[in-house]
Each structure stands twice: as C-alpha cells, then as structure tokens.
> 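Input: one structure, supplied below.
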Amino acid sequence: MPADRSEALPTARRPHRLAGGQPGLLEPGASTDPYRLRLYRILRTDFPLGHDPGLGAWLLSRYEDVVLALTDPRFTGYPHDGAPRGPVPAPLGLCRGSLVCTPLPEAGTAPAATATPADAAASAPADTAADPDPDPAPAVERAAYVLARRIAGRDRADLVGEFCRWLPAGADAVATGPSSPDPNAPPRPGGGADDCARQTGLRERALASFLANMLDDPDLLAAVAGGGAGAGMLLRRAWAETLRRDPPVQIVLRRTRTEVRVSGGTLPAGEAVACLIGAAGRDPARFAAPDRFDPLRADADPLFSGPAGCPAALLGRLEAEHGLRALLTAMPRIRWAEGFRPTSSGVLTRGPRTLLVRPS
C-alpha cells in the first residue's frame, strides 16, 4: 500500500482562526487542503462542537457525532423538514437526498458480461448517449471503452478533462433519457433518477479521486488488471474506501428538531448543523491509519457510500468499476506523467482538478 499522506504541516501554514482559536472552515486557505492544514484534526480534537459564522452552522467533526446527525430522528433535513431525516438515509456520498428519485434496477450491480471490450467499443455510438436502459451497466461499460480508446494513443492525457468529465455525462443520458433543451421545462413524469443522477459534477470528482488512489498503487492496479474472481470485489472495496477517505461532498447540512447532546456539548433546537464528512471519515477514533488508502481495511464502513438504492450512488460505482477496467484494457501501461502528483482542492466539494498520465 502507498505511504500515508500525512496531515502534518509547518506551524506557519496553519489555518486562520476565529475568535477563541477555532479554525474557520471558509476562511482564506482552508479550501486548499483541510487535511494538510490540520483543520479537521484541530476541530476533532479541540473544537468538537463550535459555531462557524461564515457557514452559519454548528460544526460536527467526530465520527460518532456525524453518524448521530445523519441517522437520528432528532435531526432533519436542511433547510426544511421535507428533506430526509433519520432513520431515512440522509444525503451522503453522491446522493443529494431527493424525495422523488426512483432507484435504478439492482441488475446494474452486476458487471456486464455480454460483450468483449473490443465489441463494446466498436458498437458504441460516437456520443455515447442512448435511450434509457433498464440496466445502466452495459451502457456505462460502452461509454468507458469508447473514451479510453480515444486517449490510448496519446503521449500525455488529462483523465479529468478527457475521461472523468465525460463518462458521468454519458451515463446520465442513458439513465435519465434525453434531457429537454429548455431549462424551465417541467420534469418528465415519474421523476425517475433525474434529481440525483444529474449531479454529474460530483461523480466526476469522485471518479477522479478513485482513479488517483488506484494509480498511486501499482500493486493494486496489477491485482485488478489480472482479473479473477476477487477483482470485482476489490474494485468495490476500493470505491467504498475512496468515498471514506476522499469524499466528493465534504459537508452535509442538517438541522436539529430539539436539543441534542453530542460529544462536545449540547446543540440547540432549530439550528443548522454542518456534518464534516471529510473529518469523520478520517477520525482515528474510528479508523486505523485513517489517512491511508486501504481497500482491504478491516474497519471499513458502508455509511460513506450513501443509500444503496440512490441512482447516483449506483452510477458512480459502475463508472468507477467499468472506467478503470476500460483504461487498463486500452492502456495497460498507464502511469502518471513524469513529475506529476495528484492534488485535490475544495472544502465543500473536493477532488483532483487534473490527472496527467502517460497512456503508453
């Protein structure tokens, strides 16, 4: 496994502090890297409950408190009661918590086995869009192979701009059907997967983080490329580990319906609460070596993957699995471009902005 990416940073670069010494979540510099700035660590250790005036919410950073806010019925959706509240799954991972989303068929959870990579690439339409398919997996697979083959012959490519951005867009067209050109047009009857699945920007960030983690570990890549019965399970565990370690949505807002006691004190009733998913996922009180990307960790937690039936959660996982397989098939020697190291940014949503690779 790759070495830990430590949160350590010289004292001179620590984040700006609010009155009382609490780090400011939205202060200058905080969005660059809240992990290396020790922002999350300081909040978990010294300010497990504090109010951030910039965000207008109370901050929860410890795993146990975040889980409570996401699952306990004393918390509700933000900003109104119509949003999901415990024990209904809260918005998490790639899920936006829409009340009208219809789960995609579970058939999509199985890898497509009806076509070889070459057949899939040859038969896919140029724009990767198709009519709605009851099982999105074959269409995601086709789109992934088309995109991978287009960059396979390059000396250098950016996977974010040329792969991660386009794969969710193609899968979205398949899952939700052709969209209306009129942004003011009413939604199509039935709602379907539209509300969550159309958040393709989040899936782009999650896919980029997943690929960055996998490309950082040649041994893991080799295990996946070798196929076999365990490769599929390894991919799923690596995807879930990415959502824990590098969640695309770092903050989920909730609201208290009554006073709630948490580890750092008591939350008042009727207050906005910011659940710091990025901090909770790396809480050393819950996860061993929390900064390490380890798909085989014994303390894995399904919480960070979001509701299993969410269309966006399912599409995101399919894009990660089929996307990596397509890249490894089209360019078995894919590796980082010389001198490049992936970096992520953002404190509300987060992911790598660039992934420069040598396809061959």
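When reading the values below, keep in mind they use all heavy atoms of this one structure, side chains included, and skip hydrogens, waters and symmetry mates.
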> Sort out for me which residue in Leu221, Asp219, Asn213 forms a side chain to side chain contact (heavy atoms under 4.5 Å, CB included) with Asp217.
Asp219
> Taking NZ, NE, NH1 and NH2 as the nitrogens, is one of them in Arg237 or Glu241 under 4.0 Å from a carboxylate oxygen of the other?
no
> Checking side chain to side chain contact (heavy atoms under 4.5 Å, CB included) against Ile251, which of Leu59, Ile277, Leu276 comes through?
Leu276
> Determine, for Glu271 against Arg255, whether the closest basic-nitrogen to carboxylate-oxygen distance falls under 4.0 angstrom.
no
> Does Leu68 offer a backbone N or O that forms a donor-acceptor pair with the side chain of Arg74 under 3.5 Å?
no
> More than 12 foreign heavy atoms under 6.0 Å from CZ of Arg286: is that the case here?
yes
> Between the side chains of Asp246 and Arg282, is the shortest nitrogen-to-carboxylate-oxygen separation below 4.0 Å, so that they form an ion pair?
yes
> Counting only N and O atoms by type, is there a donor-acceptor contact under 3.5 Å from the side chain of Arg297 to the main-chain atoms of Arg292?
yes
> Taking Arg205 for its side chain and Pro247 for its backbone only, find out whether a donor-acceptor pair lies under 3.5 Å.
no
> Verify the distance criterion only: is there a donor paired with an acceptor across the side chains of Arg353 and Ser345 at less than 3.5 Å?
yes
> Treating Arg62 as the side-chain partner and Pro48 as the backbone partner, does any N or O pair qualify as donor plus acceptor under 3.5 Å?
no
> So do Leu318 and Pro136 actually touch side chain to side chain, heavy atoms under 4.5 Å?
yes
> In terms of relative ring orientation, are Phe287 and Tyr63 parallel, tilted or perpendicular, with 30° and 60° separating the classes?
perpendicular
